[in-house]
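What follows is one structure encoded as structure tokens, with my remarks underneath.
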Amino acid sequence: MKVDEILKHADAQLITTVSDRCRNLDMAFSSDLMSDVLTLDEENILLITGLSNLQLVRTAEMADIQAVLIARGKRATPEMIELANENGIVIMETPYSIYKASGILFAKGLKAVY
Amino acid sequence: MSIELVFHIAGGDFSNAGKASSHIKKVLKQLNIDSKSIKRIVVAVYEAEVNVAAHAFSGQVTAQITEHHIEVVVSDQGPGIENIEQAMQPGYSTASKEVREMGFGAGMGLSNIQKNTDELSIESRVGEGTIVTFRCNYL
Ligand SMILES: Nc1ncnc2c1ncn2[C@@H]1O[C@H](COP(=O)(O)OP(=O)(O)OP(=O)(O)O)[C@@H](O)[C@H]1O
Ligand SMILES: [Mg+2]
């Protein structure tokens, strides 16, 4: 699923200058546990999370996660956006809960990692 | 070829935990190491860095990068680990509420380091500190 479609389906905002709207994500994973995210072997993943801190972006950087969708209207800090831009990570913000965003994207065909 | 990189980590400093793994990642990319190996290495270094930030007072990361592998030593001054076997069990964690709120403290870090490395040794003295040493051979 393309970043563009995720933005549309989850009523989300793209907040990084890394604005690769055609970037394709194969699968998604929803978690607030960074140590869990760090165990994933897959690539081209969308991470859906309720967490919004610098560790989230660091974790995405180390785990080769291409795109992050922050749920429930939480805002990314300027430091997070800067780090994401440096590392080519797309950050999106959605007003939806993790459950709702995950459910909609799953129904639209974005597969689950597990 | 052999490159040595050294980084300091302050206990409790979560905004800087990740600087060592981030720098190591950039160096490995420049050396054209394959992306699967890079991911294994930087995930292991990041987990070890976060452990120093979460559980110790201060620490140091030393990475020795050669043509075929990387050797990393993460040593810290801190409370040490009383029972290393128990600490290695997935799910075992003594992390504080603050650490958990930041998304860590699932008790998965050490077993994830093990999963991503080819050799791992953990030495610890209670009341003094911990030394985590590992090696990853590139694919
Ligand atoms: N450097 C360290 N100094 C002191 N204790 C440590 C250190 N590293 C790990 N430990 C102990 O071992 C436990 C397990 O570590 P591990 O990294 O597996 O999980 P965690 O750090 O608690 O959570 P997670 O890594 O999933 O965020 C820790 O909770 C802590 O009690
Ligand atoms: Mg840990």
Side-chain angles (χ1 to χ4, degrees), chain A residues 16 18 23 25-27 29-72 74-89 91 98 113-114, chain B residues 9 12-26 28-29 33-51 53-55 72 87 89-93 95 98-117 136 139:
Chain A
T16 41
V18 180
R23 186 176 293 183
L25 289 316
D26 295 336
M27 281 185 268
F29 187 70
S30 303
S31 182
D32 287 350
L33 269 180
M34 294 304 104
S35 16
D36 204 7
V37 174
L38 287 164
T39 64
L40 301 177
D41 296 320
E42 286 75 6
E43 276 157 45
N44 290 330
I45 301 176
L46 170 73
L47 172 61
I48 304 168
T49 184
L51 207 66
S52 180
N53 59 23
L54 206 57
Q55 292 72 36
L56 167 64
V57 187
R58 283 279 182 222
T59 299
E61 180 191 353
M62 301 317 154
D64 285 337
I65 287 181
Q66 305 283 319
V68 177
L69 179 62
I70 300 174
R72 202 81 171 93
K74 284 200 181 152
R75 309 297 304 271
T77 63
E79 289 88 354
M80 289 170 63
I81 297 170
E82 195 188 320
L83 191 63
N85 283 333
E86 261 172 46
N87 289 289
I89 298 163
I91 301 185
I98 298 178
V113 173
Y114 291 113
Chain B
I9 314 166
D13 185 1
F14 277 88
S15 43
N16 282 311
K19 290 231 163 123
S21 26
S22 183
H23 191 111
I24 290 170
K25 182 170 184 175
K26 289 188 177 83
L28 293 172
K29 265 191 175 168
I33 307 301
D34 69 285
S35 63
K36 282 223 156 61
S37 299
I38 294 181
K39 181 170 168 182
R40 293 176 73 218
I41 293 162
V42 299
V43 163
V45 178
Y46 185 51
E47 291 281 14
E49 273 187 275
V50 171
N51 275 354
H55 308 297
V72 180
Q89 294 299 314
Y92 176 82
S93 177
E98 288 72 30
V99 169
R100 285 172 200 268
E101 276 167 2
M102 276 185 280
F104 294 98
M108 295 167 79
L110 291 176
S111 52
N112 202 22
I113 294 174
Q114 176 136 61
K115 180 188 132 191
N116 285 295
T117 55
C136 292
L139 291 178

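Side-chain atoms are counted along with the backbone in the values below, which use heavy atoms only and exclude waters and symmetry mates. Protein chains get the first letters and strands the later ones, always in sequence-line order, with residue 1 at the start of each.
Under 3.5 Å, the side chains of B:S22 and A:E61 contain a donor-acceptor pair of N or O atoms.
Summarising the geometry of A:Q55 relative to B:Y46, their closest heavy-atom pair is O-OH, 3.6 Å, with the distance given to 0.1 Å. When all heavy atoms of A:E42 and B:K39 are compared, the closest pair comes out as O-NZ, 3.5 Å. Nearest heavy-atom pair across A:S35 and B:M108 is CB-CB, 4.1 Å. Contact between B:S21 and A:M62 at its shortest, heavy atoms only, is OG-CE, 3.6 Å.
Within the 4.5 angstrom heavy-atom criterion, atoms from both the backbone and the side chain of B:K19 approach chain A. Interface residue A:E43: only side-chain heavy atoms are found under 4.5 Å from chain B.
Among B:M102, B:R40, B:K115, the residue with the largest count of heavy-atom pairs under 4.5 Å with chain A is B:M102. Most heavy-atom pairs under 4.5 Å with chain B, from the set A:T49, A:T59, A:N87: that is A:T59. Between chain B and the residues A:D32, A:L54, A:D36, the largest count of heavy-atom pairs under 4.5 Å involves A:D36.
Under a cut-off of 6.0 angstrom, the local environment of CZ in A:R23 is crowded, with over 12 non-hydrogen atoms contributed by other residues, nucleotides or ligands.
Taking CG of A:N53 as the reference point, atom CD of B:E101 lies at 10.5 Å (rounded to 0.5 Å). Atoms CZ and CG, on B:R100 and A:L33 in that order, are 9.5 Å from each other to the nearest 0.5 Å. The line from CG of A:D41 to NZ of B:K36 is 8.5 Å long, rounded to the nearest 0.5 Å.
Using a distance-only test at 3.5 Å, with no hydrogens or angles considered, a donor-acceptor pair links the side chain of B:N112 to the main chain of A:L38.
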